[in-house]
Enquirer: 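Sharing a structure, written as structure tokens. Questions coming.
In each ligand, atom 1 is the first atom listed, and ligand 1 is the first ligand listed. These numbers come from the heavy atoms of this one structure, side chains and all, not from hydrogens, waters or symmetry mates. The model shown is predicted, which means the values in this text are computed figures rather than measured ones.
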Amino acid sequence: GKGLAVFTSGGDSQGMNAAVRACVRMAIYLGCKAYFIREGYQGMVDGGDNIVEANWASVSSIIHRGGTVIGSARCAEFRERAGRLKAAFNLIQKGISNLVVIGGDGSLTGANCFRNEWSGLLDELLESKKITPEQRKKFDVLHIVGMVGSIDNDFCGTDMTIGTDSALHRIIEAIDAIVSTAYSHQRTFIMEVMGRHCGYLALVAGLSSEADYIFIPENPPRADWPDRLCQQLSQERNAGQRLNIIIVAEGAIDREGNPITAEDVKKVVVDKLQQDTRITVLGHVQRGGNPSAFDRVLGCRMGAEATLALMEATSDSVPCVVSLDGNQAVRVPLMECVERTKEVAQAMAEKNWELAVKLRGRS
Ligand code: F6P
């Protein structure tokens with residue numbers, strides 16, 4: 001059967017293991033040889049023990065584990081042609097020309113470049129007699145399929161990225177814990193949450209925890225935000241609340257594009273309202289721990305569909321990302337998603353907040 005390899009790349013996220021498991025098991029079910037590539041692109045470049053055959057049992061008991069058991073890395077070598085040449089050689093040695101990449105947009109774009117370059121890389125390997133003419137012919141095309149694993153939910157083309165739901169569970173658990181101590185001391189807490197340039201985690205965490213104010217990058221507040229914030233906080237206290245919760249996305253900015261940090265917000269609250277205020281930065285706790293049921297099932301469905309997509313790929317088919325559309329697993333052209341994701345970044349760079357919000361909504 002065909003040789004298929006799965007790897008995880010970039011930041012880890014909960015549910016990646018479920019995706020790896022489903023991908024491997026569907027491949028075995030279809031009569032293919034399935035491989036893990038450990039440590040992302042680095043393992044592909046280094047080869048050897050990093051590319052190992054997987055069997056049914058090797059993906060047992062991983063569905064409930066957080067992170068990625070096969071490791072992940074950010075790899076500088078793969079950005080260079082020499083690194084990709086090594087990677088191509090290592091894959092051919094194992095009979096692999098089908099790849100499933102689980103990662104963010106950078107990792108998926110990297111896979112697409114590799115695919116486009118593949119033919120040239122094989123020609124070079126053939127010329128230097130590292131591969132045989134038979135191998136050159138047999139592995140003529142590199143087929144790739146992507147899945148988006150990220151807690152940020154910052155990728156256009158899928159309703160939810162693998163890991164977002166679990167990160168939200170972590171965040172609201174933390175907020176609930178903070179609320180009890182904030183209540184006791186009548187304090188205001190400013191919680192900084194992850195998400196890079198995307199405000200999804202902050203927005204949904206804020207809505208589901210009854211936060212008083214939320215700062216997100218896609219919808220920066222007007223210049224008079226300090227007054228509006230204080231008005232809101234005072235209103236809540238006057239209505240009898242003993243605490244306030246403010247959520248700040250780590251990428252929060254003002255309308256000039258300057259960062260708004262938890263410290264900035266604290267200064268306003270302390271200076272203007274003299275409230276007893278603390279900051280909690282949740283950090284990597286959000287990316288840790290067991291995946292939620294949603295992320296496990298999402299990973300399973302995506303993984304199985306990714307393998308099916310690869311097995312159906314032909315030399316002229318367009319590489320796709322397996323994504324969630326409503327409650328359906330669908331295949332979307334990879335580069336279309338990457339382009340749309342870039343459009344959001346572009347809109348934000350141009351301070352076109354209305355468009356940024358609209359594009360995010362569409363994704
Ligand atoms: O993309 C996931 C993410 O957790 C972001 O939310 C955050 O900005 C970043 O990764 C942190 O990166 P690192 O794990 O390298 O510190």
Enquirer: Identify, with sequence neighbours excluded, every residue that meets side chain to side chain donor-acceptor pair (under 3.5 Å) alongside K86.
Expert: E77
Enquirer: Only one of I253, T261, I246, L203 passes side-chain contact (heavy atoms from CB on, under 4.5 Å) with F215; say which it is.
Expert: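 Of the listed residues I253, T261, I246, L203, the side-chain contact (heavy atoms from CB on, under 4.5 Å) partner of F215 is I246.
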Enquirer: For ligand 1, which is the ligand I care about here, please tell me if G195 has any N or O atom under 3.5 Å from one of the ligand's N or O atoms.
Expert: yes
Enquirer: For R222, is there an ion pair with D254 - N to carboxylate O distance below 4.0 angstrom?
Expert: no
Enquirer: Do NZ/NE/NH1/NH2 and the carboxylate oxygens of R196 and D154 come within less than 4.0 Å?
Expert: no
Enquirer: Which residue holds the protein heavy atom closest to atom 11 (C) of ligand 1, what is that atom called, and what is the gap in Å?
Expert: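 Result for atom 11 (C) of ligand 1: R287 NH1, 3.7 Å.
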Enquirer: Using the six-membered ring of F114, assess whether NZ or CZ of R84 lies under 6.0 Å from its centre and within 45 degrees of the ring axis.
Expert: no
Enquirer: Please check whether D152 reaches ligand 1 - meaning an N/O of the residue sits under 3.5 Å from an N/O of the ligand, judged on distance alone.
Expert: yes
Enquirer: Output the list of atoms in ligand 1 that are nearer than 4.0 Å to some heavy atom of E250, sorted by atom number.
Expert: 5 (C), 6 (O), 7 (C), 8 (O)
Enquirer: Could you name the option among H197, R196, H284, R74 that has the heavy atom nearest to atom 9 (C) of ligand 1?
Expert: R196
